[in-house]
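Structure first, then comments.
If you read the sequence from its start, that first residue is 1, and numbering goes on from there. In this text, all values refer to a predicted model and were calculated from it rather than measured experimentally.
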Amino acid sequence: MRALVSIFLLALLTGSATAPPFDEFQLIMWQDRTPTQIAGLARLGFTATKLSATSGHIGPSILADKQASGLPWYLENIATDFYAPYHRYTQGKAVTWRFDAAKAHLRADPADTGVFVREPGLSDPDWLAAVQGRLEQVVRDQSRYHPLFYNLADESGIGDLAAAWDADIAPSSLTAMRQWLKTQYADIGALNRQWGTAFADWDAVVPELTDAAMRRTDDNYSAWADFKAWMDIAFARAVRAGTDAVHRADATALAGLEGGQIPGWGGYDYSLLAQAVDVMEIYDFDSALDLARAFNPALITLRTSFPSGPREAHGLWRNLLHGGRGLIVWDERDDVVQPDGSAAPRGNEIAGLVASLRQVAPAIMAAEASPDPVAVLYSQASFRTRWMLDQRPKGAAWTSRDAAREYEDNTWRASRRQVLDRLAGLAVQPRLLSSAMVEAGALQRDGLHVLILPHAIALSAAEVSEIRAFAGRGGRVLADTEPGLFDQHSRKLPAPPLTGVALLPEAMLLSGGPDGPGGLAGLAALLRDAGVSPRAELRGPDGLPATGVEARWLRHGDQTILALQAAAPWQAPGQIEVRLEAPATVEDLRFPGPARQVQQFTVALDPIVPTILSLKR
């Protein structure tokens, strides 16, 4: 650690060195601390701190303290006023006060759609130019210090986080939407036929808002769904504009977002958003982390630690195995370091946990995911359609839903979660594919044998064509409900387009409960029938497929890494038997010792910490 600090101090003096790269596991303190406390953090293994740059302003005295502290930093909340106007700190008010006021206004006057004008607008050219200029200036001023990254905003979103909302219908947004629609439809006639409208020209096109869409009786939600799809694109484009500004000012700088939300509303289509930044701190609900990394394998992902204890330790280990590169510690109670710089109990706990994690982090972080020839589709169009079908019977009640309500389960989320949990329990690691990836030919590559469609009720004609071609080449298509009942615009089709192509084995996929052996055995049989043999079989003490275990495969050179962890703390059996598909030289990376040439062996699973094995053949 002393060498790390010395290198950074040299960088401050010469402007020639770079901050520690993300190939080292970063441990970052979020709250501001005194130089004495930061020295204590360094002794605990912390590698960086945060420097507030709210609206681009950095206090000179705060910067001086950071320089004196000897640890690198990242820049925080540079443009939260643009990317998160409805969820940001305002002294004396709730963080959501603007969003709450908009909802209250709508309840008082449901006809006033002015509340759906986002302020500021994500497509507003003046705001975009101002934010880009601000970011470029901050990066130019800070580049000599080589911050870890420049955080555009924390807990951003179109409205309040991932809450459903009908923003943005401002003129600049509608103008940009019409330009995008021209890339989706051959002419205004094609749009009118799809939407069931009669617009005279493109300038007349306006979307259908949620209340009106819910009153439809023809199962055609295209004018609403296209607007929602556009807003996901508008959000991702605005984030990308910020990232591009950071890169223009310093080609080596990294742009990021913190507080990544559950996949769904608010701009959280990870197939778009993950490609708009270099760094993301993600709240890992509904496979958000795996989705983001699947759609941008180069993405640097971080986790924030709020509590302490075994469950937090389990989450941090899991985060590392799924591509995490660092931990941001939230410490509003000052329980990591004391004012005199000495370690507090939570600080010692974090230090011990991260020290243990860093013993294997280099091997994990140098490796890349090693998937099996199985793909799982992520369909944002199906999310939109499912949400409309679920909320339509409730009518205007949707306007009372806040961001927390969007964390409620639905069939779309449960279906994908169940599939991914079952595959992990079988030690089968799938590729996650977006609709755009399928349309671009992803099923034609990588030797895929199986495609699973979890609640994929809305598919484009291009997706259907690719899936049919995949099946025609011998690929197996599995679904848990009739896929493609709607097109990608959320318009119901006259007939399901994949009847006879997709196999719907509900009994095998769903029997035995969420983690029941019947479900695992049934899915395993389907995979074997399609030519997919698990690289390892996991058996519990009863000889049946082990439940509650998550397997993770990674590869680096000639080394394969198999990590086995309880899917949730204390959920897995204490001992499992591992049967590899072929003999291998096996070594425990956490507890190095003599390597063994084996094909079948027993593993004693810790209820929290994973077993991480190196396999060589």
[X]-[Y] side chain donor-acceptor pair, cut-off 3.5 Å:
X      : Y      : result
Arg134 : Gln137 : no
Asp284 : His322 : no
Arg88  : Ser156 : no
Asn151 : Glu258 : yes
Thr304 : Trp30  : no
Asp372 : Gln429 : no

Return yes if some donor-acceptor pair links the side-chain N/O of [X] with the main-chain N/O of [Y] below 3.5 Å, else return no.
X      : Y      : answer
Gln380 : Gly264 : yes
Asp250 : Thr252 : yes
Asp331 : Asp334 : yes
Arg535 : Ala427 : no

[X] to [Y] - nearest heavy-atom pair and separation:
X      : Y      : result
Tyr270 : Ala292 : CD2-CB, 3.8 Å
Glu281 : Ile328 : CG-CD1, 4.2 Å
Thr243 : Ala255 : OG1-CB, 3.6 Å
Met280 : Ala274 : SD-CA, 4.2 Å
Asp154 : Ala84  : O-CB, 3.9 Å
Pro263 : Leu291 : CG-CD1, 3.7 Å

Mind listing the side-chain donor-acceptor pairs of residues 603-615 below 3.5 Å, one per line with the distance, residues two or more places apart or on another chain?
residue : atom : partner : partner atom : Å
Asp606  : OD1  : Ile608  : N            : 2.7
Asp606  : OD1  : Val609  : N            : 2.8
Ser614  : OG   : Gln559  : OE1          : 2.7

Got a sec, which residues hit ring-ring contact (aromatic ring centres under 6.0 Å, His included) with [X], two or more places apart in sequence or on another chain?
X      : result
Tyr407 : Phe285
Phe235 : none
Trp127 : Phe82
Trp412 : Tyr378, Phe383

Chi angles and distances behind the salt bridge (charged side-chain N to carboxylate O under 4.0 Å, His left out) call for Glu368, Arg293 = CA-CA 11 Å; Glu368 60 184 14; Arg293 298 259 319 152; over 6 Å; no
Does a salt bridge link Glu406 with Arg401, judged by any charged N lying under 4.0 Å from a carboxylate O?
->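 Looking at Glu406 and Arg401, the cut-off is met.
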Decide, yes or no, whether a salt bridge links Arg417 with Asp409 under the criterion of side-chain N to carboxylate O below 4.0 Å.
->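 Yes, this pair counts.
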Salt bridge (charged side-chain N to carboxylate O under 4.0 Å, His left out) partners of [X], counting only residues at least two apart:
X      : answer
Glu155 : none
Glu119 : Arg98
Arg240 : Asp244
Arg405 : Glu408

Once you round to the nearest 0.5 Å, how far does [atom1] of [X] lie from [atom2] of [Y]?
X      : Y      : atom1 : atom2 : result
Leu148 : Leu302 : CG    : CG    : 9.0 Å
Leu272 : Asp269 : CG    : CG    : 4.0 Å
Ser69  : Met29  : OG    : CE    : 12.5 Å
Leu44  : Asn348 : CG    : CG    : 6.0 Å
Thr47  : Gln26  : OG1   : CD    : 3.5 Å
Arg118 : Ile158 : CZ    : CD1   : 7.5 Å

Taking everything shown except His556 itself, do over 12 heavy atoms lie less than 6.0 Å from its NE2?
-> no
Does the side chain of [X] reach to within under 4.5 Å of the side chain of [Y], using non-hydrogen atoms?
X      : Y      : value
Asp402 : Thr96  : no
Leu423 : Val419 : yes
Leu51  : Gln142 : yes
Phe601 : Val586 : yes
Glu577 : Glu537 : no
Leu254 : Phe22  : yes
Ser55  : Asp81  : yes
Gln565 : Arg552 : no

Take Val239 and Tyr83 through the side-chain contact (heavy atoms from CB on, under 4.5 Å) test and state the conclusion after the steps.
-> CA-CA 8 Å; Val239 172; Tyr83 294 109; 3.9 Å; yes
Row check, [Y] ring normal vs [X] NZ/CZ: under 6.0 Å, within 45°:
X      : Y      : answer
Arg590 : Trp317 : yes
Arg325 : Phe25  : no
Lys66  : Trp73  : no

With Phe46 as reference, evaluate Leu327, Ile38, Val337, Leu27 under the side chain to side chain contact (heavy atoms under 4.5 Å, CB included) test and give the passing residue.
->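 Of the listed residues Leu327, Ile38, Val337, Leu27, the side chain to side chain contact (heavy atoms under 4.5 Å, CB included) partner of Phe46 is Leu27.
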Side chain to side chain contact (heavy atoms under 4.5 Å, CB included) with [X]: which residues, sequence neighbours excluded?
X      : value
Asp558 : Lys616
Ser400 : Arg107
Ser308 : Arg346, Glu349

Apply side-chain contact (heavy atoms from CB on, under 4.5 Å) to the pair Arg539 and Val578, showing each step before the final yes or no.
-> CA-CA 7 Å; Arg539 299 280 173 176; Val578 180; over 6 Å; no
Report yes if the distance between the aromatic ring centroids of Trp97 and Tyr86 is under 6.0 Å, otherwise no.
-> no
